[in-house]
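See below for the structure under consideration.
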Amino acid sequence: MSSRLRQWDDNFVWHPFAPMQAFREEQPPLIIAADGFHLVDEQGRRYLDGISSLWCNVHGHRVPEIDAAIREQLDHVAHTTLLGLASGPSAELAAELVRITPPGLNKVFYSDSGATAVEIAVKMAYQYHAQTAEKEPRRNLFVCMGNAYHGDTIGSVSVGGMELFHGVYCDLLFETIQVPSPVAFRRPVDIFAEDHIQSCIDTMETLLREHHDRIAAFIIEPLVQGAAGILVHPPGYLRRVRELTHELGILLIADEVAVGFGRTGTMFACEQEEVSPDLMCLAKGLTGGYLPLAATLATDEIFNAFLGRPEEGRTFYHGHTFTGNPLGCAAALASLKLFEENAVLVNTVELANTIATELKPLAHHTHVGEIRQKGIMIGIELVRDRRTNEPFDSKLRMGHQVALAARKRDVIIRPLGDVVVLMPAPAMPSSDVEHLCRVVIESIDEVITNFSAT
Ligand SMILES: *Cc1c(COP(=O)(O)O)cnc(C)c1O
């Protein structure tokens, strides 16, 4: 007997990123509540949230301090526009974001999702060059990484590089230059890993030098390409990109939507290579994962290119109805306060160590090709053949099978293809993270045993 809610979901809700025909048959849990790091479904069954509610939750659910901040803001106003008016929480949060982000990022443009934060950065970069260029040719090309993911609106898809998500729309996208991800997992045979990575770096440099006077910006997920399957870049890569973009007059857009707010062990990934980008995109964890709020930060140099008398036409004509929503800003301020009060970054580093230890038994597993980890972002890639890294037939949906096996054990995870992803919240207690790792190992074992039996 399925409930009314279940029937309405079945009848009326089109779920994101879901093959709906298969999705319906699987009857995913219908969540009606949560507390701490657990989700509760309509039958009262509790699940450990192993993916931070899709990479955004930071301090857990129903955190008293964030709940109180939102309630308090509700007593003033839920929403008022930033088009033509200013507001308290958005002003206070902007000051705070400028304080904690890398030096030079002094202006904050709000929106409401990671994809819009990226759209804004792309449009700003393009218009910046149009309004500062002394001579032709126009800089209208963007450089992005192979397998990049920056969100699902058309501009963000244009700077994306994931065939599976983006291929269908190729006719609608603007032109980009893709540089290879500096990772060695599936490299050509007969090449050492280090040589392959060096050749990726060399290719990047060659492409930048060749096209630099047409390139507006280089957009990158700093340190880790999340949706590509938790691809971890080698140390120094981001720095090298910053040096080259600086030298060649190319803007650097750091998309910290996934890696920001503690996921890589520091507040922002750019810090680890002492990189200050020209534009930085924040979303997911900005409100502690509570409300849809995003920000694009820019340098004064970029901001100043948009100044002038209104009739000069240098205005950035962009905005969303809910830009700078006060409830979201109040949640973000409360979340940032908790980062300090609860020493969340210290916890993140401890969790990273715990996870590395707990996952050791998988290192020699016959069907684990690679365990990739940066901070508390983890990808375990399942392969058919460990020696060649030959993948499983995608029809088998091995990653998905592992998620279903984990769900039976009351743990929610969500894979990227055959990469089993663990994305615990930065404030999760060690004991929960240990449990998460153990359940994932058991679930992989169960799925592999079933596979081997057939
Ligand atoms: C999730 C993600 C986005 C898109 O954010 P949305 O809020 O889902 O639009 C953009 N960039 C990166 C790196 C992401 O992981």
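All values derive from a computational prediction rather than experimental measurement. Start at 1 and go down the list; that is how both ligands and their atoms are numbered.
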Check this for me - ligand 1, Gly151, N or O atoms closer than 3.5 angstrom, yes or no?
no

Applying a 4.0 Å heavy-atom criterion (strictly less than), which segment of Ala283 is in contact with ligand 1: side chain, backbone, both, or neither?
neither

Report the relative orientation of the aromatic rings in Phe174 and Phe142; use parallel for angles under 30°, tilted for 30 to 60°, perpendicular for over 60°.
tilted

Atoms of ligand 1 under 4.0 Å from any heavy atom of Glu221, numbered from 1 in the order shown, are 13 (C)

Ligand 1 contacted by Asp255 (non-hydrogen, < 4.0 Å)
yes

Identity and distance of the protein heavy atom lying nearest atom 9 (O) of ligand 1:
Ala115 N, 2.8 Å

Nearest neighbour in protein (non-hydrogen) for atom 5 (O) of ligand 1:
Gly114 CA, 3.1 Å

Any N or O of Trp55 closer than 3.5 Å to N or O of ligand 1
no

Specify the protein heavy atom at minimum distance from atom 2 (C) of ligand 1: its residue, its atom name, and the distance to 0.1 Å.
Lys284 NZ, 2.5 Å

Minimum side-chain heavy-atom gap Val183-Gln225 below 4.5 Å
no

Describe, in one word, how the ring planes of Phe109 and His318 are oriented to each other, choosing from parallel (under 30°), tilted (30 to 60°) and perpendicular (over 60°).
perpendicular

Any nitrogen or oxygen of Val257, side chain or backbone, less than 3.5 Å from one on ligand 1?
no

Got a donor-acceptor contact below 3.5 angstrom from the Arg46 side chain to the Asp35 backbone?
no

